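Worksheet: one structure, shown below.
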Amino acid sequence: MDGCMEARAAITISEVPCPQCGEGMEIFIKDGALAADAVCEKCGYTIPAGSSV
Ligand SMILES: [Zn+2]
């Protein structure tokens, strides 16, 4: 990827449906695991960082 040489630990932003209410929620993936807590804006459901996705 041109211009992204310094981003060695690539984080992928993805969107998945909330397991609880189905609302789309943004998740940050690094090395196949969640890089940060993902919180559903609608119902507050949290997927803790470190969960495999
Ligand atoms: Zn939800």
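Only a predicted model underlies this, so the values are computations on that prediction, with no experimental measurement involved. Indexing begins at 1, ligand by ligand and atom by atom, following the structure's order.
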Give me the atom names and distance for the closest heavy-atom approach of Ser51 to Pro48.
OG-O, 2.8 Å

Kindly give the heavy-atom pair with the smallest separation between Glu23 and Cys40, and that separation in Å.
CB-SG, 4.1 Å

For Val53, the side-chain contact (heavy atoms from CB on, under 4.5 Å) test, sequence neighbours excluded, returns Ile27, Ile29, Leu34

Partner residues of Gln20 under the side-chain contact (heavy atoms from CB on, under 4.5 Å) criterion, sequence neighbours left out
Cys18, Cys43, Tyr45

With ILVMFWY side chains joined below 4.5 Å, transitively, what does Phe28's cluster contain besides itself?
Ile11, Ile13

Measure the spacing between CD of Glu41 and SG of Cys21 and express it to the nearest 0.5 Å.
10.5 Å

In the protein, N/O/S atoms that are found under 2.8 Å from the Zn ion (ligand 1), waters not counted
Cys18 SG, Cys21 SG, Cys40 SG, Cys43 SG

